[in-house]
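Everything numeric here is computed off the predicted structure, so don't read it as measured data.
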Amino acid sequence: MGDLISVIVPVYNVAMYLPQCLDSILGQDHENLEVILIDDGSRDESGEICDAYARRDSRLRVIHQKNGGAAAAKNAGLRIATGEYLSFVDSDDYLEPNVYGYMLEVLRSEKADVAQFAFRDVYKHRSEDRIFRTGRTAEEGRRYLVRFNGDWTCALLWNKLYRRELFEGVFFEEGHKIDDEYFTYQGLMNAGRVACDDRIIYNYRRRASSVMLSPQSRNQLVLDRIDAVAKRREKVIARFPELRRAFDVPYLDALVYMSEYPDNSPESLNLLKAKLKAYFREGGNTLPPKCLWRGLLKLRFTKTEKLLAAYGPLQEPATEDYFP
């Protein structure tokens, strides 16, 4: 059927939260769903919960695979998805009631390829609505693509409904601590029109496991973020040369900003220095505006050890209000 939504749900050790997630999907007003659950080698009862739900509802398809990480799990779902539309839900999160019908209506009425919505951060004792744009707007895809440089919600995967054809041949880059930053924009490069609506459709559960990371893991996040930002600029400019300045200047700004991360290591700062050096060696890149020169010169010529000492280690986050 033409309105089939493929919902990809990577699953790993979330038995405590998985039933609420699945109930929120299966109870939607729009019932024409293909729910693909990828059990990524869970060591708790998550795999059994997936199978039990699949026995009760034929709309569910379950894949059990050896643990390969969230990107590998989502790639497995992408390979078998057949719906005209595509949605992603993390297995420890949950949807608001009756949102898929609304999301489809927005996509169709705005003649868009992607529709983005608001969401809610859910903590153990409170919640926070995350509404960054009021009302409903729609814009040309390349104009929205430029928003990635300054609006982190653009890169989020799960606050959107997509036409699946946007991601034909596009897969998650495996082996990283982050996923969305490597993936979402590649589908958006194929979008002719993007709609944004302020209805809250998604509940993002804030868990201690996602913030209480080892220093090694936190440093890897920095390395991945540097790599992802660099690759996004390269791929967008290769596809849309007219957007070079729109991506060059924010890229340089991002290099300076990331050099001030408390989680930096000698490895990440040396990578930033190398990216900056490579930028100036490439032909045709945009000359930085005056406002960036001080930060760029500091990154380029200040010794790594001095940069590390200037910002110090990141303090451990308080987690009393986070889910386990």
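A salt bridge links Asp57 to Arg59: one of the charged nitrogens lies within less than 4.0 Å of a carboxylate oxygen. A salt bridge does not link Glu305 to Lys303: none of the charged nitrogens lies less than 4.0 Å from a carboxylate oxygen. Using a 4.0 Å cut-off between a side-chain N of Lys or Arg and a carboxylate O of Asp or Glu, Glu139 and Arg133 do not qualify as a salt bridge. Between Asp92 and Arg205 there is no salt bridge, since no side-chain N of the basic residue sits under 4.0 Å from a carboxylate O of the acidic one. Comment: Arg130 engages Asp121 in a salt bridge, judged by a side-chain N to carboxylate O separation of less than 4.0 angstrom. Here Arg136 pairs with Glu105 in a salt bridge; the nearest charged N to carboxylate O distance falls below 4.0 Å. Salt bridge present: Glu110 and Arg193 bring a charged side-chain N and a carboxylate O closer than 4.0 Å. Of the charged side-chain nitrogens involved, at least one lies within less than 4.0 Å of a carboxylate oxygen, so that Arg142 and Glu242 count as a salt-bridged pair.
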Q. When you look at Val222 and Leu271, which way does the side chain to side chain contact (heavy atoms under 4.5 Å, CB included) test go after all the steps?
A. CA-CA 10 Å; Val222 177; Leu271 179 59; over 6 Å; no
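Note: Phe172 and Phe183 have parallel aromatic rings, judged against thresholds of 30 and 60 degrees for the angle between ring planes. Between Trp152 and Phe119, the ring planes are perpendicular. Angles over 60° get that label, and only those under 30° would be called parallel.
Looking only at side-chain heavy atoms (C-beta outward), Asp179 and Leu157 stay at 4.5 Å or farther from each other.
Atom CD of Glu260 has more than 12 neighbouring heavy atoms from other residues, nucleotides or ligands inside a 6.0 Å radius.
Counting only residues at least two apart or on different chains, the ring-ring contact (aromatic ring centres under 6.0 Å, His included) pairs with a member in residues 230-272 are Tyr257-Tyr261.
Residues Tyr322 and Tyr123 place their aromatic rings such that the two centres sit under 6.0 Å apart.
Of the candidates Tyr162, Tyr185, Tyr85, Phe167 forms a ring pair (Phe, Tyr, Trp, His ring centres under 6.0 Å) with just one, namely Tyr162.
Side-chain contact of Thr184 with Asp180: a donor-acceptor pair under 3.5 Å is absent, judged by distance alone.
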